[in-house]
Amino acid sequence: MKHSDLSMRTLSTPSPALICPPNLPGFQNGRGSSTSSSSITGETVAMVHSPPPTRLTHPLIRLASRPQKEQASIERLPDHSMVQIFSFLPTNQLCRCARVCRRWYNLAWDPRLWRTIRLTGETINVDRALKVLTRRLCQDTPNVCLMLETVTVSGCRRLTDRGLYTIAQCCPELRRLEVSGCYNISNEAVFDVVSLCPNLEHLDVSGCSKVTCISLTREASIKLSPLHGKQISIRYLDMTDCFVLEDEGLHTIAAHCTQLTHLYLRRCVRLTDEGLRYLMIYCTSIKELSVSDCRFVSDFGLREIAKLESRLRYLSIAHCGRVTDVGIRYVAKYCGKLRYLNARGCEGITDHGVEYLAKNCTKLKSLDIGKCPLVSDTGLEYLALNCFNLKRLSLKSCESITGQGLQIVAANCFDLQLLNVQDCEVSVEALRFVKRHCKRCVIEHTNPAFF
């Protein structure tokens, strides 16, 4: 009898209460759907239950009163079809399905369904949830979850270093980790993950205000051979709103994460041009870079960014108030394959900067020069005559723009799909002209006479 109890406990499945608070309203389909509610109170509790009986016994799904043929319809679906249906369910609902009957239990824990764990909600005891889930997923391969590749716990504010340590210990094949908004995690926990998960390529720690660096633990650095070096395989890194990140921290990140292709440093307000210099020494493969709202970044920083040359496709320098035409010239001269540029709020940019950009980056598809009061119709003319593939253009609050400039753009950029002219002095006739020539263009404006 004791042996039987032990066996049942080994096969136990986490309760839905593990990953969603009690009294939760009806679930939503889709693995990415949110399951949190602002009206929910109380603590989420981790519970473990034995596998359900073979027959359907829950009152909500009892089908005894229906004809036998209808009752058996879902049972006729083959296993692969059931697994396909289950693949659309979020983590908490997958656990609920595992409690319906023994067949569903076995199907719900099919390893193919557990390449991703996605938990959401501020009240979730996410540390305990991760511990119980990984323990169950390690059942066939003791101590490691070989199938788990993605963990998303964004917005789970109760996540701590303990939860990340569980991931680091049990998920050696992890490739993607998103912990945005989890402000209780520290550098040490992140170091554990990147050191013990050598295949990690995508890391989102945006809003994690205590994270100031990405590096290997000291133990991991010592174990690595000189031939291997001290490198981390991360290619995508989002450190938006990591307010305490400084140049020295960026230096360490660059030295360890040399394979970076996508880097987002929005509102890392302590970064300067020196940090960008470190970045360009080590990370020469960056395709997308955002330093929006980094107020200390200037033309010297853009000179460093220009060293990426034709590899750079996306650049955001919005609200970098120290950037002028000089910095734009550097980027335009060397980064000829640039597709996206956000320079909103860079008030030092004039028509001369736009001219140089248009003549050198002719494949530009998206440009935001809103709140650049020195850009006028002359700059728009250069864009229209050189950037024929332009699809998105934002001129919000550009005081010097008139309807004439818009008409030149519309007459040459037929593929324009989005035009923002909010708070611009533009006539209704000009807006109608744009609509006639750019059939698919959505115009965002503040002119009540145009509809």
Side-chain angles (χ1 to χ4, degrees), residues 8-37 40 44-58 60-61 74-75 77-121 123-141 144-156 159 163 166-167 170-171 173-179:
M8 294 295 279
R9 192 167 299 160
T10 303
L11 291 171
S12 61
T13 177
S15 164
L18 169 69
I19 43 184
C20 65
N23 302 324
L24 189 66
F27 69 86
Q28 303 173 28
N29 288 330
R31 183 169 285 275
S33 62
S34 174
T35 58
S36 62
S37 173
I40 295 171
T44 301
V45 181
M47 300 174 62
V48 177
H49 294 276
S50 300
T54 304
R55 291 184 175 277
L56 302 177
T57 58
H58 195 284
L60 294 181
I61 54 176
I74 195 167
E75 295 301 325
L77 287 176
D79 287 354
H80 67 85
S81 296
M82 294 293 292
V83 170
Q84 181 66 23
I85 293 171
F86 285 170
S87 69
F88 293 99
L89 298 179
T91 301
N92 68 310
Q93 298 304 332
L94 199 55
C95 287
R96 290 188 178 187
C97 287
R99 299 178 63 194
V100 171
C101 65
R102 185 170 293 277
R103 183 193 178 212
W104 282 32
Y105 173 87
N106 293 328
L107 293 175
W109 286 106
D110 187 306
R112 291 171 294 179
L113 297 175
W114 291 95
R115 290 190 174 95
T116 298
I117 289 179
R118 182 173 286 110
L119 305 174
T120 58
T123 62
I124 296 175
N125 189 340
V126 68
D127 288 349
R128 189 180 297 183
L130 289 171
K131 182 177 181 179
V132 177
L133 285 172
T134 53
R135 181 187 300 166
R136 175 58 183 79
L137 294 173
C138 290
Q139 178 176 294
D140 298 325
T141 52
V144 290
C145 306
L146 294 179
M147 295 297 293
L148 190 58
E149 296 181 351
T150 300
V151 174
T152 300
V153 288
S154 300
C156 296
L159 177 70
T166 298
I167 294 173
C170 300
C171 309
E173 298 300 320
L174 191 69
R175 295 182 178 274
R176 184 184 183 109
L177 177 63
E178 298 180 9
V179 291

For residues [X] and [Y], report the shortest heavy-atom separation together with the two atoms involved.
X: T150; Y: L174; value: N-CD1, 3.9 Å
X: A108; Y: L113; value: O-CD1, 3.8 Å
X: L177; Y: V179; value: CD1-CG1, 3.9 Å
X: M82; Y: L77; value: SD-CD1, 3.8 Å

Verdict with reasoning, L130 to L159, per side-chain contact (heavy atoms from CB on, under 4.5 Å): CA-CA 10 Å; L130 289 171; L159 177 70; 4.0 Å; yes
Return the [atom1] to [atom2] distance between [X] and [Y], rounded to the nearest 0.5 Å.
X: T134; Y: L148; atom1: OG1; atom2: CG; result: 8.5 Å
X: L94; Y: T116; atom1: CG; atom2: OG1; result: 11.0 Å
X: C97; Y: L107; atom1: SG; atom2: CG; result: 10.0 Å
X: T91; Y: L119; atom1: OG1; atom2: CG; result: 5.5 Å
X: Q84; Y: D110; atom1: CD; atom2: CG; result: 11.5 Å
X: K131; Y: D127; atom1: NZ; atom2: CG; result: 10.0 Å

Pair listing, salt bridge (charged side-chain N to carboxylate O under 4.0 Å, His left out) test, anchored in residues 79-95, at least two apart: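 Sorted result for residues 79-95: D79-R103.
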Aromatic ring pairing W104/F86, orientation class (parallel under 30°, perpendicular over 60°, tilted between): perpendicular
Contacts of R115 that satisfy salt bridge (charged side-chain N to carboxylate O under 4.0 Å, His left out) - sequence neighbours left out: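 In terms of salt bridge (charged side-chain N to carboxylate O under 4.0 Å, His left out), with neighbours along the sequence ignored, R115 is linked to no residue.
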With E149 via salt bridge (charged side-chain N to carboxylate O under 4.0 Å, His left out) - residues at least two apart: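 For E149, no residue satisfies salt bridge (charged side-chain N to carboxylate O under 4.0 Å, His left out) once neighbours in sequence are set aside.
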